[in-house]
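The shown structure was predicted, so the numbers you read here are calculated from the model rather than taken from an experiment.
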There are 2 protein chains.
Amino acid sequence: MSTHATLLRSHGLSVTPQRLALLQTLSQYPHITADQATEAVRKSLGTISRQSVYNTLNALVEKGLARRIQPIDSPALFEDRVGDNHHHLICRSCGDVADVDCAVGFRPCLEASDDNGFIIDEADVTYWGECPKCQPKISNVHTTTKTKTKTRKAIS
Amino acid sequence: MSTHATLLRSHGLSVTPQRLALLQTLSQYPHITADQATEAVRKSLGTISRQSVYNTLNALVEKGLARRIQPIDSPALFEDRVGDNHHHLICRSCGDVADVDCAVGFRPCLEASDDNGFIIDEADVTYWGECPKCQPKISNVHTTTKTKTKTRKAIS
DNA sequence: GTACTATTTTGGACTGCGTCCAAAGTATGA
DNA sequence: TCATACTTTGGACGCAGTCCAAAATAGTAC
């Protein structure tokens, strides 16, 4: 019960019903927009302001308790799965997002080939393609907008 | 001169002064926002509507002649460097963006560990950190907002 | 338990990025 | 040269997110 409360306290955030409800909501969805979160919290609390949702989500991201991903053509998505260096598969057709573990091992993506002098602390990998539901039935030619080589089935 | 014109024609796009100016502009900046592009084009053409800028940029992305990247806390950035599977380093402090070649070899990032049934056609890697200019002078402790392990210098 | 203070929440206004739309203009192909 | 389809224009609009000041509430000290 107080898991979320202690989590908040241990990160220096005071405990409010709004924040608890948001943590609860985050734990129920793999990825969720601020608006969807607002709607979900309103079902349990009755009401919450949009500003509080953003305040809280941003605070959680600040403290490393949540992560924000920013797909093209979509509002930001929030997730509470953090610290495991996982990545995301996004469907170009329906926008569906799936988690995927890192391909190469433990946090390999922090090794850029040339860091240009940057001190890198995070790598963010997004795979773009088509989810099973959106794939054409006859999977030889499928119409997309890109010139590049397409239609790769991953091995594993 | 007609390089850009033929490029447009060969992709089924008609040739207009606005499009030529935008291609010219794209080739001059490694990464540019729609607004910056508008401003730049207005310096050469005198005028262009915002809608035309977006139309053209989107068309170029459609045809694979440009790429759009969508950093958090920034409007979309466009670049004309395409087809070489390069990635991006973004500075959390100043927002500066640098290109970086792929770490592991040729398009390795298309190999997700588990594709969840997706047909993957592109992988998008963003490294987050601090650029040389924004790094604190004494580089032991530096204040950021994250809990995770930080301050990794890449090897190569 | 009460009182005080700092933090949080609220909601209304506002900004920025991007799109929609219909009318006018222009490139292309016959 | 003409006709048509595409492009450009600019004004309205929508959505995601932030700003702000006032009200409410959590944490702290007594």
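Across all strands, B/Asp73 comes closer than 4.0 Å to no nucleic acid atom at all (heavy-atom distances). Across all strands shown, A/Arg19 has heavy atoms under 4.0 Å from sugar-phosphate atoms exclusively, and none from any base. Within 4.0 Å (heavy atoms only), B/Arg9 reaches sugar-phosphate atoms of the nucleic acid but no base atom. Within the nucleic acid shown, A/Asp35 comes within 4.0 Å of sugar-phosphate atoms alone, with no base atom in reach, counting heavy atoms only.
Contact of the B/Thr126 side chain with the B/Ile72 side chain is not registered, since no non-hydrogen atoms from C-beta on lie closer than 4.5 Å. A/Val100 has its side chain out of reach of B/Phe118: every pair of non-hydrogen atoms, C-beta onward, lies at least 4.5 Å apart. Proximity of A/Gln70 to B/Asp73: side-chain heavy atoms (C-beta onward) are nowhere separated by under 4.5 Å. At a threshold of 4.5 Å between non-hydrogen side-chain atoms, the residues A/Asp96 and A/Lys133 do not count as touching.
The base of D/dG17 is paired with the side chain of A/Arg50 by a donor and an acceptor separated by under 3.5 Å.
One interatomic measurement links the two molecules: CG of A/Leu57 to P of D/dT18, which rounds to 10 Å at whole-angstrom precision. One atom, CD of B/Glu62, and another, P of D/dT7, lie 12 Å apart when rounded to the nearest Å. The separation between A/Leu45 atom CG and D/dA24 atom P is 18 Å, rounded to whole Å. Rounded to an integer number of Å, the gap from B/Gln36 CD to C/dC17 P is 10 Å. Rounded to whole angstrom, the span from the CZ atom of A/Arg68 across to the P atom of D/dA16 amounts to 14 Å. Straight-line distance from the CG atom of A/Leu20 to the P atom of D/dT25: 15 Å, rounded to whole Å. Taking atom CG of residue A/Asn55 and atom C1' of nucleotide D/dT25, one finds them 14 Å apart after rounding to whole Å. Distance, B/Leu8 CG to C/dT26 P: 18 Å, rounded to whole Å.
Of the two residues contacting DNA chain C, namely A/Leu13 and B/Asn58, the nearest-nucleotide position lying further toward the 5' end is that of A/Leu13. Where A/Val15 and B/Gln18 meet DNA chain D, the nucleotide closest to each residue was compared, and B/Gln18 sits on the side nearer the 5' end. Positionally, the nearest nucleotide of DNA chain C for A/Val53 lies more toward the 5' end than for the other of A/Val53 and B/Gln70.
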Return a table of donor-acceptor pairs under 3.5 angstrom between the side chains of residues 13-25 of chain A and protein atoms on other chains or two or more places apart.
residue: A/Thr16; atom: OG1; partner: A/Arg19; partner atom: N; Å: 3.1
residue: A/Arg19; atom: NH1; partner: A/Ser14; partner atom: O; Å: 3.0
residue: A/Thr25; atom: OG1; partner: A/Ala21; partner atom: O; Å: 2.8

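Taking only side-chain atoms of A/Ser14, from C-beta outward, the nucleotide of D/dT18, C/dT7, D/dG10 with the closest atom is C/dT7. Here the nucleotide nearest the side chain of A/Ser52, chosen from C/dC17, D/dT9, C/dT10, is C/dT10.
B/Asp80 and B/Lys63 are not joined by a salt bridge, as no carboxylate oxygen comes within less than 4.0 angstrom of a charged side-chain nitrogen.
Residues B/His88 and B/Asp124 bring no donor and acceptor atom of their side chains to less than 3.5 Å of each other.
Side-chain N/O atoms of B/Tyr54 include none lying less than 4.0 angstrom from OP1 or OP2 on C/dT19. Taking 4.0 angstrom as the limit, A/Thr16 places a side-chain polar atom (N or O) nearer than this to OP1 or OP2 of C/dT9.
Checking side-chain atoms of A/Thr56 against main-chain N and O of A/Val53 turns up no donor-acceptor pair under 3.5 Å.
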Between the protein and nucleotides 21-25 of chain C, which nitrogen or oxygen pairs come in under 3.5 angstrom?
none

